[in-house]
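Please read the structure below before turning to the comments.
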Protein chains: 2
Amino acid sequence: MNELTINLKTDSRVPLYEQIYRYIKSDIQSGKIQKGEKLPSTRALSRYLEVSRSTVELAYEQLLSEGYVEAEPYRGFFVAQIEELYHISRGNTKEPEERRQERKYQYDFTPNGVDLNSFPYHVWRKLSKEILIDDRTELFRSGDPQGEYGFRNAICSYLYQARGVHCLPGQVIIGAGSDYILMLLSMILGTDHRIALEDPSYKQAYRVLAGLSYETIPVGLDKNGMRVSDLKESGADIAYVTPSHQYPTGIVMPMKRRMELLKWAQEDEGRYIIEDDYDSEFRYKGKPIPALKGYDKNERVIYLGTFSKSIAPAIRLSYMVLPGTLLEQYRKNSSFIQSTVSKVDQLIVQRFIEEGYYERHLNKTRAMYKSRHDVLIEELRPLMKICAISGEHAGVHLLLTFKNGLTEEELVKSAEKNGIRVYGMSAYRIKEKKEEAATVLLGYANLSETQIREAVKILTRCWG
Amino acid sequence: MNELTINLKTDSRVPLYEQIYRYIKSDIQSGKIQKGEKLPSTRALSRYLEVSRSTVELAYEQLLSEGYVEAEPYRGFFVAQIEELYHISRGNTKEPEERRQERKYQYDFTPNGVDLNSFPYHVWRKLSKEILIDDRTELFRSGDPQGEYGFRNAICSYLYQARGVHCLPGQVIIGAGSDYILMLLSMILGTDHRIALEDPSYKQAYRVLAGLSYETIPVGLDKNGMRVSDLKESGADIAYVTPSHQYPTGIVMPMKRRMELLKWAQEDEGRYIIEDDYDSEFRYKGKPIPALKGYDKNERVIYLGTFSKSIAPAIRLSYMVLPGTLLEQYRKNSSFIQSTVSKVDQLIVQRFIEEGYYERHLNKTRAMYKSRHDVLIEELRPLMKICAISGEHAGVHLLLTFKNGLTEEELVKSAEKNGIRVYGMSAYRIKEKKEEAATVLLGYANLSETQIREAVKILTRCWG
């Protein structure tokens, strides 16, 4: 190997040792230097290149550690057999991305919005950095299948303080998102059940449960939530409900109905209530009602919570609290399923809660959503001759029900023509119901107060 | 509110505005300052505390943004109704952790080890920091259910270069770990299938598939892997195999058997092969054989890969490549399931691959495992009179089969008495098989060369 041509750039941002390493590696990969050839001694090469010997040693060590060369005691460095090494080329085989071409709206009243401008980036970066700061091998070992103990404990404290739920970390299972939690729950329960769902409802849960091959039965609502008489008739043994803020109607289930539901669950062995407390954090009027799970003396309620809604959708972190009666089934059927959330993410959110950031974030977001909520209701006033507001006491959307004869389709289309997206209630129904009054949903989490003002002015014009 | 007692500490690490904020917040929470009370003006308080007015303003803004106070134009700041705010207490309701009391071993030859000392912490921190550096709201929005496009594209490039697999990003689905990938696959395929598994096998896959209520059939191995004649007889329509390194026997399936398997899959409509390529990265002898998926002309192979084994177990990142024939079923049955991996993690690993770190890491780890492998085989030489080595050409473990009459239990127990954990083959069998020769597994990924030398010396003494 006499014709090593290495052009070192002393003004480069790439360290000298790395430049040397790259030259030699590339010569080995291209076959210019062949298997078994001896590299120049570190002393010779350092003289030749006019760099320190330790620089060359560093380069050789890198080549050695990656298997490009082998060291022979007292003899020096020799090029290794490299056919077995990996050469991963960067970027190729691009296919044209099949992007869904979605219509662009100037204002989108999505009911599933989360304001990401209030996301605490600074804190997130800080916690993330602090957690990764030491070379903690522990952090990268397999974690507890249920989720890290400390994190589950922090969730229990939160649930106790904020939702009136008493539970122990042993009942909590962490998972990467609510869809996954339902998939795991189906392994615990088995799929031989009939599940009653609120109609209209959160369609994603319906899709997932149906995809898991559950028999699903839509059960209608009255002004207090799921009709318990219809639930009884349905023959279902599991009821999936959203008591703190029914999606999409916004009904906050009153205490009496909650008690009736709990009573239904106790009436027969093996009945369960799945309480999806997806956005209990946002409430604008009246005293908070503790979660249904808080009254679950007979261990019949499976509680579902998520951080995707209260922190950010891309935080894939949800959890369920199992009643004691299901713990044994979990241990038997599914406790071997490995955790779907990295320890790093769990630790970030644990510290986010424990150090008070979550509390601050919730209070801040809630105050912000409250202002938007107030502005929206204020701006909607001119429309009150032709429609009524409902579901406005919690969550991040409200409903408008029209009595001027316009159909849902006409409302949605005329808004769309003016660059505004609103959401028709019919999309949330499982069974179609044609005779009802036209209702649209307006979500406000993703719009600023100014945007809300502007958009509602346009809506008033086109609907009024 | 005249008796505001605020003791500011100018030498504290807590900024002055934060100290003021905390005092007032705590007084509001404890009820010392009540709803409707007016806070002192920023001018008055700043004079009283001898701090700048902007410091007080910052504190008030914080209180305002969290909803503790309300601002009234021209009048000042008033304490808000705070019952609705969240007060998350930090830590409480601790239950004594039910820790599995595992026996401590001095040396643990676990076959599932991953050397975490070689984990590239520095690079991980750097990438993580760079990705979080800007306040990129995009990063925290819902991601693509299949996984981010760029990351899927990087996986395709890797599979093409390293495993001879041609696929498009549209076929790749990212998921949080291999267990989850199987759960998702079961939604795509449905559970009305009979799955043949290698016996002995990777028990975790067996447990998950059985937990998903699949009918599973153990199929025996000969020296080339799963017996295709037995597979035919089993009546299975899906075969779960590990061709590049059968777990636990270490068999590398030769080309002929691979072709027989592919032929079996083509013989009947709806047959599939699940190829679990879990540790294809580590191979010590002979030319690499491309993945079975590389020869899958008839779209019958579902390919599973993971980064948990090649980077770190706590990196919850696996993926599957669906054959074209299953894409439509995926889109219909499960494409609505939201991704289980955060965008941040996906981006870190994408850049880890694209910027060449993964290649370096693999080559480095492989060289290190190879040295440990060589040391282990060298040290085992004195035992070769009483046992034979097999499965040593790939992966991070090998097998010892004994011919001196000792039973597996005796081997494991006598090692255990000397503080060494070895793994009996019987734990990997689905059907029990009593007559076979005693075999133990020795994994070397978690032990240094020195530890291997010391441990094998002890094993030689107690088994020899």
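Given the structure is predicted, the values throughout are model-derived calculations rather than measurements. Residue numbers start from 1 in every chain, and the chains themselves are labelled A, B, ... in the order their sequence lines are given, proteins ahead of strands.
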Sidechain-backbone polar pair: A:R125 side chain, B:I133 backbone, donor-acceptor under 3.5 Å: yes
For chain A, the option from B:G177, B:S118, B:S339, B:G150 that forms the most heavy-atom pairs under 4.5 Å: B:S339
Portion of B:V344 that has a non-hydrogen atom of chain A nearer than 4.5 angstrom: neither
Partner chain B: residue of A:S342, A:A210, A:G143, A:G175 with the largest heavy-atom pair count (under 4.5 Å): A:S342
B:Y330 side-chain N/O to B:L189 backbone N/O, donor-acceptor pair under 3.5 Å: no
Residue selection (most heavy-atom pairs with chain B, distance under 4.5 Å) from A:Q338, A:K343, A:K370: A:Q338
Residue selection (most heavy-atom pairs with chain A, distance under 4.5 Å) from B:F336, B:W124, B:Y180: B:F336
When B:T191, B:I315, B:N333, B:V208 are compared by non-hydrogen pairs under 4.5 Å with chain A, the top option: B:V208
Main-chain N/O of A:G170 paired with A:Q146 side-chain donor or acceptor, under 3.5 Å: yes
Flag, side chain of A:Q329 to backbone of A:I188, donor-acceptor distance under 3.5 Å: yes
Engaged part of A:S142 at the chain B interface, taking heavy atoms whose separation is under 4.5 Å: both
Residue part contacting chain A, namely of B:N112, when any heavy atom lies under 4.5 Å: neither
B:S334 portion near chain A, given a 4.5 angstrom heavy-atom threshold: neither
Whether A:Y68 side chain and A:Y21 backbone form a donor-acceptor pair below 3.5 Å: no
Structural part of B:F119 lying under 4.5 Å from a heavy atom of chain A: side chain
A:Y358 and A:F352 aromatic ring geometry - parallel, tilted or perpendicular at 30°/60° bounds: tilted
Exam field: side chain A:S318 to backbone A:A176, donor-acceptor pair closer than 3.5 Å: no
